[in-house]
Amino acid sequence: MHGEYKVPGGKLVVVDVEVRDGALRDVRVAGDFFLEPDEALLDIDRALEGADADLTAPDLATRIDAALPEGTVMFGFSSEAVGIAVRRALAQATDWHHYDWQLIHDGPQPPALHMALDEVLTAEVAAGRRPPTLRVWEWESPAVVIGSFQSLRNEVDMPAAERHGMTVVRRISGGGAMFVEPQSTITYSLYVPDSLVQGLSFADSYAYLDDWVLAALGDMGVKAWYQPLNDIATEAGKIAGAAQKRMVGENGAVLHHVTMAYDMDADKMLEVLRIGKEKLSDKGTKSAKKRVDPLRRQTGLPRPAVIERMIESFRGRYGLREGSVTAEERARAEELAAVKFSSPEWTARVP
């Protein structure tokens, strides 16, 4: 069995392993990481040899740490990264390069239709009728998008939203509220088979699925990192937030979507969103204005140029061909947008 794990912002870890009588056998760890002393690689292999095949990644990391000589330096990876690569090998996880990725980047769509497209396209990937897909959104109108489990009245000042012409919709993933103005926001979704994230914890899958965008930002001069659980941050402040929805079953799929602040009217955002002191306290800041630092200021690039560079970065890493929403997918999404995502029952399902 073969498993690979690219450490977000770090190096690739590769594990080849067999399982006999419930134990790991013939373990071989490799990768483009740095390790001193050289002999420590054999210590890692020996630490994993004979381990229970049901051990978690942290448990495997504990075995490795106990076996490494004092003063060992691991650069670009960690003991837990090796454990994750083992778990991915045992789960027969797939890799980004195993797929023929498709890009969807259509014209502006209404907020409710965006919500519906996420549900429909994830289901299509789960059913095997659509290849893994990157969809870059364009917004037809300003919106507030609340998480699946958020209270509408606790999160949104509805009179303020109406005053500013903002549509309020609820998405199918969890997480916090998104404040969206069409030319100030960059949003994208990944629709992937669950085999791509096999062997990863829920938390690890966030950073794994957005490692490519950190590289794209770096190419634009923005040093960014993942801030658990679901923020992309820089020294100047948060620039993006992610959310996920998993469709389980025999052929599952993962929806992973991210909203990035290209520009922002912070005063308007504070009028519309009810951002409480409790939410700010765990971010180490007293002001919501200081939590988000738009990409326009950090890159100096027009919004379309930022999007194009992100797309080209993805294409350069994994390949990406032009695609579109099929007629059948659009018909189902338009129906869902009308009967579900535009309905008061769904939007206020948590009042």
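Remember, predicted model here, so these are calculated numbers, not experimental data. Along the sequence shown, residues are numbered consecutively beginning with 1.
- Look at Arg309 and Glu312 and you find no salt bridge, because none of the NZ, NE, NH1 or NH2 atoms lies under 4.0 Å from a carboxylate O.
- Using modelled atom types, one finds no donor on one side chain facing an acceptor on the other under 3.5 Å when comparing Gln198 with Arg88.
- A salt bridge is defined here as a Lys NZ or Arg NE, NH1 or NH2 lying under 4.0 Å from an Asp or Glu carboxylate O, and Arg130 with Glu329 meets this definition.
- Closest non-hydrogen pair, Leu68 versus Ser79, comes out as CD1-OG, 4.2 Å.
- A salt bridge is absent between Asp118 and Arg171; no separation between the charged side-chain nitrogens and carboxylate oxygens falls under 4.0 Å.
- Heavy atoms of other residues, nucleotides or ligands lying less than 6.0 angstrom from NZ of Lys340 number more than 12.
- Both Val86 and Val13 belong to a common hydrophobic cluster when Ile, Leu, Val, Met, Phe, Trp and Tyr are linked at side-chain heavy-atom distances under 4.5 angstrom.
- Using a cut-off of 4.0 Å between Lys/Arg side-chain N and Asp/Glu carboxylate O, Asp231 and Lys238 are scored as salt-bridged.
- Under a 3.5 Å cut-off, the side chain of Thr185 and the backbone N or O of Pro182 do not form any donor-acceptor pair.
- For Gln150 (side chain) and Gly147 (main-chain N/O), a donor-acceptor pair under 3.5 Å exists by modelled atom type.
- Panel note: side chain Asp16, backbone Arg28; no donor-acceptor pair is recorded below 3.5 Å.
- Clustering ILVMFWY residues whenever any of their side-chain heavy atoms sit less than 4.5 angstrom apart, transitively, puts Ile172 in a cluster other than the one holding Val350.
- Between Arg332 and Glu124 there is a salt bridge, since a side-chain N of the basic residue sits under 4.0 Å from a carboxylate O of the acidic one.
- Looking at Thr133, its side chain does come within 3.5 Å of a backbone N or O of Pro131 through a donor-acceptor pair.
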For this session: Starting from the C-alpha separation in whole Å, work towards a yes-or-no answer on salt bridge (charged side-chain N to carboxylate O under 4.0 Å, His left out) for Arg303 and Glu138.
Result: CA-CA 11 Å; Arg303 178 179 174 275; Glu138 296 293 346; 3.0 Å; yes

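- Ionic pairing of Glu271 and Arg163 is present here: one or more N-O contacts between side-chain nitrogen and carboxylate oxygen are shorter than 4.0 angstrom.
- Tyr206 and Ser201 share no donor-acceptor pair across their side chains, judged by distance under 3.5 Å alone.
- Between Trp96 and Tyr318, the ring-plane angle classifies as parallel under the 30° and 60° cut-offs.
- Annotation: Glu140, atom CD; neighbour count of heavy atoms from other residues, nucleotides and ligands within 6.0 Å is above 12.
- With hydrogens and angles ignored, the 3.5 Å screen pairs a side-chain donor or acceptor of Lys6 with a backbone N or O of Gly10.
- Between the side chains of Arg135 and Tyr188, not a single donor N or O lies within less than 3.5 Å of an accepting N or O.
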